[in-house]
Chemist: 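The structure under discussion is supplied below as structure tokens; questions concerning it will follow.
Not measured: the values here are computed from a predicted model. Atom set for the values below is all heavy atoms of this structure, side chains included, hydrogens, waters and symmetry mates excluded. A note on names: the letters A, B, ... follow the listed sequences, proteins ahead of strands, and every chain is numbered from 1.
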Amino acid sequence: MADAKVIPFGEEPRSKRKSKRVGRARTNQPPVPLAPVPPQRDEPAGTAERAEPAGAPREPDGGWDRKLANGLSFLRRRVTGEYEVDDFGYDQELTDQVLMSALRPFYEKYFRVEVKGIENIPEKGAALIVSNHSGTVAVDGLMLQMAIHDQHPANRNVRMLAADLVFMLPVVNELARKFGHTLACVEDAQKLLERGELVGVMPEGFKGVGKPFSERYKLQRFGRGGFVSTALRAGAPIVPCSIVGAEEIYPMVGNAKTLARLLGIPYFPLTPTFPWLGPLGMVPLPTKWTIQFGEPIPTDGYSPEAADDPMVMFNLTDQVRETIQHTLYKLLVQRRSVFF
Amino acid sequence: MGKVVLVTGVARQLGGRFVRRIQREPDVDRVIGVDAVPPDHHLGGAEFLRADIRHPAIARVLAEHAVDTVVHMDVNGTPLGKSGSRATVKETNVIGTMQLLGACQKTPSVRRLVVKSSTNVYGSAPRDPAIFTESTPPKSLPSGGFAKDTVEVEGYVRGFARRRPDVAVCVLRFANILGPCADSPLAEYFSLPVLPTVLGFDPRLQFVHEDDAIEVLRIAAGEPRRATLNSGTFNVAGDGVLLLSQAARRLGRPTLPFFLPTVTWVGTALRSVGVLDFSPEQIRLLTHGRVVQTTQMRETLGFHPRYTTAEAFADFARSRGTGLLPPETLARTVDRIAAVLPAGRGQN
């Protein structure tokens, strides 16, 4: 038993180094008697295991050790700057290890996101995910990203296209770039699709996210349909996506337009709680979310000129929009309650 | 008969190095270096002519020596040495370029013009696309400083190209040039013991190593190789990007974030005490960052940089010595913590 406790420590080279040091320290204290040394060495090992490992299997301890080692090597890379970011500023390591972990409780426990139709997202290669946008604060984009990363078999990271306001705000812009987001413009979307990335777009923009609560789940206009021509040019399939539950996190009952104009933001939400309860009002309501991905709409069958043909574009835009809207209604009918 | 190359701005390190390099080209007969002040470094036997490109006398130089290739490198953001003022630099950049182009236009022997420009022409704004191509129009035109100078210089060069269609014109838009002897404003910035940054912004930066800068200038100044074309406008940058935070860590220098409005004051303060030229466009770069696409450089110009952005920066970091927080020390500290930690964990 005592031996069994020592062995898992010795498996790790660093731990070995440490245990050697401990051994040396011990031998310094009682140098003369040779026989009592092993029990003395066992004692600190025993206390190191605290009480629970006596009965508990060795695995979790080794797991913790490994986790700690991973965390430290992560920390080492971070403090020395030895990590890679791509041209858009996407920091995969930070996203996977820190940012996603920070969001996961919201994803799993708070909003309890249920994902349907994840198989509609291609295993590899470019695709454009088009989703509805809602919730006063664009939490839905983050949850969509989490959903794809956690549920997709290939753990793909979707590159969200964000409004320019995101890149003007301090801290937010920094995190958005590291998270893999980029500005919603044709150039960026085109480049990402050409690189075979999964790109997520919410064409309703501020009209969708900042619509009053009374208009919930009514899709707004889909911009000028620029996303369709971008997907056509890249030959990437369009995956419609419907998110239910995000509308109710901050029910926007009013909009302080003057204040918004003063602050230079598109709208200033008034919810039953927001400015009135101060920071407490900023806590989102714990609604139950469903994210459904629809069948991909292929775009590679079109001729290259089709990307500039307004008729083709409007038809495709409408098709995507209708699909999302219908799915939204279907999901709403199936939903038992906003919170469960 | 070989070529006669005239190089402006040879009193700077980069100009001097380029003169020494271009002389070794087999088809180059003579190299004439021009600047308003004599260079501190040797020019490897090239002729130096003390001439101010802001004066029309430059036309006589061109005609006298029957120059056929002009490499205009006297477009700079900061004055040479501590004595010059920003106004002189601007005049050299803008009026100097106008005079030089006028002289080129009058000199029939000129066949090729290479202009060292900068990716500053794109500005940096939050509403810009993440990656600039040569044809991306800037969302917010630089309002002043070096960035505006380069925009104007490029405007004059385009006008010249229209008037003299027989001259091959190559505009090279360099990302920030770094290297052991680079004297660009960004190099000065990275030499500060503590790097002032903008709170909540982590810009993406791109660098070119000075060896690569010399090499691409040489390619642009010579005859194009097979299947390449060396006239036009090209972005020049190393592969990949570095975030400012990352760069600071690799350099081992701590950062000191300031709120965006106060950064301007800090910049002015640093400028007035003469520590470094922290100009508004510099602050914009360090706020929003800038990344350019280099496909044209690779495919059309046929230039493949030897150094990536990270390698160029590493070479620069080596030449500058260690900062207050050397990455090796930090790494060792983490290792030490790692060595101690299981014991510490055990004792609780």
Side-chain angles (χ1 to χ4, degrees), chain A residues 9 12 14-15 17-19 21-22 25 44-50 61 64-65 68-69 71-91 163-175 177-178 181-192, chain B residues 125-133 135-136 139 198-204 206 239-252 257 259-260 287-289 291-293 309-310 313 317 325-335 337-348:
Chain A
F9 268 101
E12 301 250 355
R14 203 178 31 249
S15 315
R17 223 183 302 150
K18 184 243 123 201
S19 65
R21 249 186 36 187
V22 171
T47 48
E49 306 266 297
R50 273 175 270 166
D61 200 68
W64 271 109
D65 239 25
L68 195 69
L72 282 165
S73 69
F74 171 75
L75 182 70
R76 192 183 200 279
R77 283 194 300 278
R78 298 313 291 191
V79 294
T80 50
E82 294 302 322
Y83 50 92
E84 302 286 324
V85 295
D86 81 349
D87 291 354
F88 293 84
Y90 167 45
D91 190 335
D164 49 2
L165 182 69
V166 167
F167 297 100
M168 288 180 200
L169 299 173
V171 184
V172 175
N173 85 92
E174 190 183 333
L175 288 175
R177 282 251 177 252
K178 288 180 180 169
H181 301 182
T182 190
L183 183 75
C185 63
V186 178
E187 293 94 333
D188 285 8
Q190 192 88 34
K191 276 198 196 90
L192 285 170
Chain B
R127 300 181 59 183
D128 282 320
I131 300 173
F132 292 100
T133 63
S135 56
T136 313
K139 283 279 175 348
V198 184
L199 186 74
F201 289 87
D202 201 0
R204 296 162 298 138
Q206 256 181 333
D239 288 343
V241 302
L242 275 184
L243 299 179
L244 178 59
S245 59
Q246 210 180 352
R249 285 173 203 169
R250 289 190 183 190
L251 204 55
F259 273 115
L260 192 49
T287 311
H288 302 297
V291 173
V292 295
Q293 193 165 31
T309 288
F313 191 76
L325 296 171
E328 299 81 32
T329 317
L330 288 179
R332 231 177 297 132
T333 314
V334 174
D335 286 345
I337 295 171
V340 167
L341 219 68
R345 200 166 51 95
Q347 269 146 25
N348 312 330

Chemist: Can you tell me which portion of B/Asp128 sits under 4.5 Å from chain A's heavy atoms? Options are side chain, backbone, both or neither.
Modeler: backbone
Chemist: Checking B/Arg204 against A/Phe88: charged group under 6.0 Å from the ring centre and within 45 degrees of the axis?
Modeler: no
Chemist: Tell me, out of A/Gly71, A/Pro170, A/Ala184, who's got the most heavy-atom pairs with chain B below 4.5 Å.
Modeler: A/Pro170
Chemist: Given heavy-atom pairs under 4.5 angstrom as the criterion, report whether the side chain, backbone, both or neither of A/Arg177 touches chain B.
Modeler: side chain
Chemist: On a heavy-atom basis, which atom in B/Pro129 and which in B/Thr136 lie closest, and how many Å separate them?
Modeler: CG-CG2, 3.8 Å
Chemist: Mark yes or no for whether A/Asn173, through its side chain, and B/Gly200, through its backbone, hold a donor-acceptor pair below 3.5 Å.
Modeler: yes
Chemist: By a 4.5 Å heavy-atom criterion (distance strictly below it), what part of B/Leu199 contacts chain A: side chain, backbone, both, or neither?
Modeler: backbone
Chemist: Does atom CD (A/Glu82) have a neighbourhood of more than 12 heavy atoms from anything else shown, all under 6.0 Å?
Modeler: yes
Chemist: For A/Leu169, is it the side chain, the backbone, both or neither that has a heavy atom under 4.5 Å from a heavy atom of chain B?
Modeler: backbone
Chemist: Please list, chain by chain and in numerical order, all residues satisfying side-chain hydrogen bond (donor to acceptor under 3.5 Å, both in side chains) with A/Glu174, sequence neighbours excluded.
Modeler: A/Lys178
Chemist: Side chain, backbone, both or neither: which part of B/Thr329 has a heavy atom under 4.5 Å from chain A?
Modeler: neither
Chemist: I'd like to know if the side chain of B/Thr309 and the backbone of B/Gly240 have a donor-acceptor N/O pair within less than 3.5 Å.
Modeler: yes
Chemist: Using a 4.5 angstrom heavy-atom cutoff, name the option from B/Arg127, B/Arg249, B/Gln206 with the most pairs to chain A.
Modeler: B/Arg249
